[in-house]
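By convention here, the first residue in the shown sequence is residue 1.
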Amino acid sequence: MLWYGGDYNPEQWPEDVWTEDMALMRAARVNLVTVGVFSWARLEPSEGVYAFDWLDKVMDLLDDNGIQVNLATPTASPPPWFSLAYPDALPVTPDGVRLTHGSRDTYCVSAPAYRNKARNIAIKLRERYGEHPALAMWHVHNEYGTSCFCDHVAAAFRAWLEVRYGTLDALNEAWATSFWSQHYSDWAQIMPPRATQYLPNPGQRLDFRRFRSDELMSAYIEQRDILRDTGLPITTNFVFGGWVPVDHWRWAREVDLVAIDDYPSQAGRAAAEQSAFAADLARSWAGGKPWVLMEQAAGVIYTGGRMLSKEPGEIERHSLQHVARGSSGVMFFQWRASRGGAEQWHSGMVPHAGADSRIFREVAELGRTLEELPELGRVSADVAILWDYEAWWGLDQPGLPAEGLDYLEAVRQAHRVLWRQGVLTDFAHPSADISGYRVVIVPSLFVISDAAAENLRNYQGTLVVGYLSGVCDAHARVRLGGYPGALRDVLGIRVEEFRPLAEPVTLSNGAEADLWSEVVELHGAEAVVRYPDGSPAITRFENAWYVSTRLGDDAYAAVLAAAGIEGTGEPGVEQVRRDPMTFTIRHP
Ligand code: GAL
């Protein structure tokens with residue numbers, strides 16, 4: 001059985017609406033709802049004073065209606081009393097501004113007061129509802145992703161660095177602090193990467209991102225361990241992209257099932273591509289464990305200052321994309337569109353218009369469709385794209401040899417061209433076991449650890465490596481002796497110079513390339529495509545390909561086809577096999 005439902009926030013509504021909610025949920029075949037995500041102020045209206053009666057009623061009502069509960073800990077949004085009592089737990093921006101209560105996610109994860117209060121409310125929820133018959137799953141927090149640069153964070157960052165490096169000498173070496181007089185003679189001198197005069201230190205920035213991910217994860221683990229003895233699955237919701245800047249490969253090991261939120265930022269087929277990307281990432285993060293689409297929108301999504309609506313049929317198409325790719329269910333944010341509050345214009349499964357609406361009819365229809373699906377099995381792919389947060393973070397900084405280098409876009413391009421051709425892809429961490437894949441694509445893997453380089457060296461299948469891969473070590477320091485340092489031998493080439501392009505150029509196969517080029521010497525490899533000056537642009541060394549420039553989608557697809565990956569997909573028709581059926585989704 002697939003889960004079907006969404007975030008349910010009954011505290012926003014009078015109780016007579018709850019009765020209607022139950023009837024509508026039954027009509028839509030809803031079987032799981034996420035409750036309490038942002039309820040802290042209603043559960044603990046003042047410090048140490050608890051009000052659980054409303055949640056008792058909600059839990060019982062859902063149970064009476066046969067609907068299971070994914071109970072959240074409300075720690076993504078501390079109440080106003082907390083911020084007033086513990087001002088040192090309010091987050092500070094890189095330029096030193098302390099934020100004020102008034103939105104959500106306004107806390108510092110390293111502040112002792114925040115951690116204490118977060119643990120406390122998790123304990124209270126565990127005590128009160130741990131044995132409730134409706135409880136099926138725990139949803140810790142919401143989208144762990146806040147950042148802070150205060151003194152609590154500085155102390156925690158130093159402690160993390162001491163564990164990582166052991167000695168200041170090792171840290172100074174890793175961060176190349178001899179440049180610009182940055183040598184540290186005491187741990188206390190080290191700061192988070194706060195606003196500074198000119199270019200920051202790349203090693204410091206990269207480590208701060210690793211630290212932030214681990215620090216948020218330790219807050220998750222504290223709560224998870226409080227809830228552990230209920231024996232129920234525990235998760236928190238992940239999001240790809242910059243909104244939740246944590247290393248989901250590491251986090252995925254700590255959850256019982258991977259949960260993702262998917263809010264495409266484009267419309268039409270581009271949105272479908274984004275949803276497929278998110279679902280393939282979730283399946284890959286889960287690495288064989290279950291995963292679920294925890295949130296999506298039933299209608300209007302507010303994204304970056306624009307409102308995007310869902311066209312008729314799009315609710316079902318996007319949902320089935322996730323199910324086809326392995327999701328254990330389909331969930332939304334949120335059940336009923338809010339009447340007021342910051343997200344009053346974000347859609348709901350029950351829109352402002354009420355149940356007599358296209359959106360609710362589509363939601364109810366989807367409930368029926370999901371209920372009728374057979375028991376579904378696993379999904380498997382024989383092509384993998386390497387995806388790595390550290391490479392992304394390494395390439396996401398000022399002072400690079402070209403503006404406009406975009407790791408996420410390089411990864412998305414690889415996924416996009418294969419999605420269009422109907423080739424299902426996994427994502428893989430650079431150090432993961434990739435021996436089972438026929439082809440592995442490596443877009444712009446700028447930072448690469450020694451272990452990952454060794455992994456690629458041992459790989460026997462077809463490798464397609466993109467520009468700016470293998471260039472830096474795990475500390476974002478250049479690997480010397482010619483680029484792409486770690487992969488020269490695998491690719492049979494040596495790059496003496498980067499040559500960023502001011503204008504696009506036409507390659508020997510007629511394809512246009514832009515932004516980036518390299519001076520490639522052949523050391524065993526052959527030139528398959530050349531730059532206008534006759535030097536190699538795309539090379540091949542046995543089954544290892546190197547693309548030293550940025551191509552458009554069609555030219556990139558041609559390289560992948562030459563390397564042996566070409567699908568038979570029709571434009572706009574997505575077909576995915578998940579035993580025992582093949583899903584066919586038509587995107588207009
Ligand atoms: C998610 C979040 C939800 C809601 C939704 C729509 O990122 O988890 O609580 O805010 O976006 O904006």
Do Gln223 and Thr75 have side-chain atoms, one donor and one acceptor, less than 3.5 Å apart? yes
Taking 4.0 angstrom as the limit, do Arg128 and Asp56 come out as a salt bridge? yes
Salt-bridge contact Lys57-Glu15 (side-chain N to carboxylate O under 4.0 Å): yes
Can you confirm whether Gln12 sits close enough to Val17 that some side-chain heavy atom of one is under 4.5 Å from a side-chain heavy atom of the other? no
Donor-acceptor check, side chain of Asp63 to backbone of Met59, threshold 3.5 angstrom: yes or no? no
Should Glu371 and Arg29 count as an ion pair when the cut-off is N to O under 4.0 Å? yes
Can you check whether Thr34's main-chain N or O pairs, donor with acceptor, with Asp7's side chain at less than 3.5 Å? no
With a sphere of 6.0 Å drawn around CG of Asp16, does it hold more than 12 non-hydrogen atoms of other residues, nucleotides or ligands? yes
Is the centre of the Tyr389 ring less than 6.0 Å from the centre of the His248 ring? yes
Asp247 with Arg209: basic N within carboxylate O range, under 4.0 Å: no
Check for a donor-acceptor pair, side chain of His352 on one end and backbone N or O of Gln344 on the other, with a separation under 3.5 Å. yes
Pair Tyr107 and His141, ring centroids less than 6.0 Å apart: yes
His318 versus Asp262, side-chain donor and acceptor atoms under 3.5 Å: no
For the pair Ser328 (side chain) and Trp291 (backbone), establish whether a donor and an acceptor sit closer than 3.5 Å, ignoring hydrogens and angles. yes
Please check: side-chain N/O of Lys289 versus main-chain N/O of Ala252, any donor-acceptor pairing under 3.5 Å? yes
Short side-chain to backbone donor-acceptor contact, Thr106 and Gly102, under 3.5 Å: no
Any Lys/Arg nitrogen of Arg317 or Glu574 sitting under 4.0 Å from an Asp/Glu carboxylate oxygen of the other? no
Around atom CD of Glu127, are there more than 12 heavy atoms of other residues, nucleotides or ligands at under 6.0 Å? yes
Taking salt bridge (Lys or Arg N to Asp or Glu O under 4.0 Å) as the definition, give me every residue that meets it alongside Glu566, ordered by chain and number, with sequence neighbours left out. none
Exam field: side chain Ser347 to backbone Val300, donor-acceptor pair closer than 3.5 Å: yes
Over 12 non-hydrogen atoms of neighbours within 6.0 angstrom of CG in Asp356: no
Residues Asp214 and Arg212 bridged, charged N to O under 4.0 Å: no
Please check this pair: side chain of Arg115 against backbone of Val109, looking for a donor-acceptor N/O pair closer than 3.5 Å. yes
Report the residue from Ser77, Pro45, Pro78 that forms a side chain to side chain contact (heavy atoms under 4.5 Å, CB included) with Trp40. Pro78
Between Arg368 and Glu372, does any NZ, NE, NH1 or NH2 come within less than 4.0 Å of an OD or OE carboxylate oxygen? no
Hey, is the main chain of His139 close enough, under 3.5 Å, to the side chain of Asn237 for a donor-acceptor pair? no
Phe427 and Trp285: aromatic ring centres closer than 6.0 Å? no
In terms of side-chain geometry, is the basic nitrogen of Asp280 or Arg283 positioned less than 4.0 Å from the acidic oxygen of its partner? yes
Should the pair Glu570-Arg420 be classified as a salt bridge under the 4.0 Å nitrogen-to-oxygen rule? no
Does Asp225 have any salt bridge (Lys or Arg N to Asp or Glu O under 4.0 Å) partners at least two apart in sequence or in another chain, and if so, which? none
Applied to residues 567-588, the ring-ring contact (aromatic ring centres under 6.0 Å, His included) test, sequence neighbours excluded, yields Trp419-His587
Less than 4.0 angstrom from a charged side-chain N to a carboxylate O is my criterion; do Glu131 and Arg126 meet it? yes
Within 45° of the ring axis of Trp13 and under 6.0 Å from its six-membered ring centre, is that where the NZ or CZ of Arg336 lies? yes
Donor-acceptor pair, Asn142 side chain versus Val37 backbone, under 3.5 Å? no
